[in-house]
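See structure below.
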Amino acid sequence: QVQLVQSGAEAKKPGASVKVSCQASGYNFIAYYMHWVRQAPGQGLEWVGWINPRTGDTGSAQKFQGRVTMTRDTSINTAYIELSSLRSDDTAIYYCARFESKWELFCFDYWGQGSLVTVSS
Amino acid sequence: DIQLTQSPSFLSASVGDRVTITCRANQDISSYLAWYQQKPGKAPKLLIYAASTLQSGVPSRFSGSGSGTEFTLTVSSLQPEDFATYYCQQLNHYTWTFGQGTKVEIK
């Protein structure tokens, strides 16, 4: 069965960087784009960006450009998101989500369990 | 940018009620819309994609409709386990924005 297992909680100081991982299993990792979505405490869902695991191509929401880096390691079926120059308003749960695009029936069909990133001095 | 507006933001309903949530887009997104359910402390769960296609394993009391700029999620007979927040998401033009969410409380 498809599973996305994310790394644990992180506590960082403002200005630092954080890297969250998402290990996929149960499907062909390189065949599906991976997206990242975050959720600040008590708030809604915010789309962050995507990576094509086959090519390494990435894209992100404009507000994160220059601060976010998405990578992957196909040898261990793992996607990563790194966010730099952290601010207190980056405190959120970060989710990875598999993007299904078969027959243009687009959706995020499987999600990781989430990784809490706390930014505080 | 494509914006999605859900209404209402909050609703309180009784077990057995028919509940409808609306999601409006500020431009045509065809049928590139999905609905998710999120319970406290959990990741979102896909309910419906392509505006009206029920994800495998999701109870048939959930249904979706609409195209273009107006969409609805309906729960035909609300169950206690349906207490959750519901989000719409548009997946058009290589953008993937979410609505602000609708919190459903069971009376």
Side-chain angles (χ1 to χ4, degrees), chain A residues 1-7 9 20 22 24 27 32-52 57-65 68 70 81 92-116, chain B residues 1-10 21 23 25 28-58 62 64 67 71 73 84-104:
Chain A
Q1 73 283 21
V2 173
Q3 279 194 303
L4 302 176
V5 178
Q6 297 184 225
S7 50
V20 173
C22 171
Y27 72 97
Y32 294 80
Y33 282 41
M34 193 73 79
H35 286 248
W36 292 91
V37 175
R38 76 178 188 178
Q39 186 170 38
Q43 302 301 307
L45 302 172
E46 180 178 32
W47 176 73
V48 178
W50 58 265
I51 183 166
N52 179 346
D57 290 345
T58 62
S60 64
Q62 193 163 11
K63 69 178 286 186
F64 299 105
Q65 288 177 10
V68 69
M70 286 161 288
I81 185 170
I93 298 172
Y94 288 76
Y95 294 102
C96 58
R98 191 181 82 160
F99 180 58
E100 170 62 82
S101 59
K102 202 181 329 180
W103 305 308
E104 289 205 350
L105 300 175
F106 303 140
C107 60
F108 291 5
D109 60 351
Y110 290 93
W111 295 65
Q113 84 276 17
S115 299
L116 175 63
Chain B
D1 285 6
I2 300 176
Q3 310 290 334
L4 297 179
T5 303
Q6 289 182 231
S7 60
S9 295
F10 176 87
I21 299 168
C23 178
D28 190 338
I29 58 170
S30 185
S31 295
Y32 296 112
L33 189 103
W35 290 95
Y36 301 87
Q37 176 193 67
Q38 187 180 33
K39 295 184 178 181
K42 299 294 187 182
K45 172 188 171 184
L46 175 66
L47 296 176
I48 286 169
Y49 59 94
S52 60
T53 303
L54 198 66
Q55 171 71 341
S56 175
V58 174
F62 291 93
S67 66
F71 303 85
L73 172 70
T85 301
Y86 295 84
Y87 294 93
C88 59
Q89 180 198 26
Q90 66 85 17
L91 305 102
N92 195 24
H93 299 304
Y94 298 95
T95 61
W96 292 270
T97 49
F98 292 89
Q100 82 278 15
T102 297
K103 187 173 183 178
V104 177

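Within every chain, numbering begins at 1; the chains are lettered A, B, ... in the order of the sequence lines, protein sequences first and strands thereafter. Below, each value reflects all heavy atoms present in this structure, side chains not excepted, and no hydrogens, waters or symmetry copies. Note that the structure is a prediction, hence the values are computed from the model and not measured.
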query = Taking the six-membered ring for Trp, are the ring centroids of B/W35 and B/F71 within less than 6.0 Å of each other?
reply = no

query = Measuring heavy-atom distances to chain B, does A/Q39 have an atom under 4.5 Å in its side chain, in its backbone, in both, or in neither?
reply = side chain

task = Check each atom of A/F106 against the heavy atoms of chain B and say whether the ones under 4.5 Å are side chain, backbone, both or neither.
result = both

ask   = Between A/V37 and A/L45, which heavy-atom pair has the shortest distance, and what is it?
value = CG1-CB, 4.0 Å

message = So if I apply the ring pair (Phe, Tyr, Trp, His ring centres under 6.0 Å) rule between A/W50 and each of A/Y33, A/F108, A/Y32, which one comes out positive?
response = A/Y33

request  = Measure from NZ or CZ of A/R98 to the centre of the six-membered ring of A/Y110 and say whether it is under 6.0 Å with the direction within 45° of the ring axis.
outcome  = no

query = Given the options B/G101, B/A50, B/P44, which has more heavy-atom pairs under 4.5 Å with chain A than any of the others?
reply = B/P44

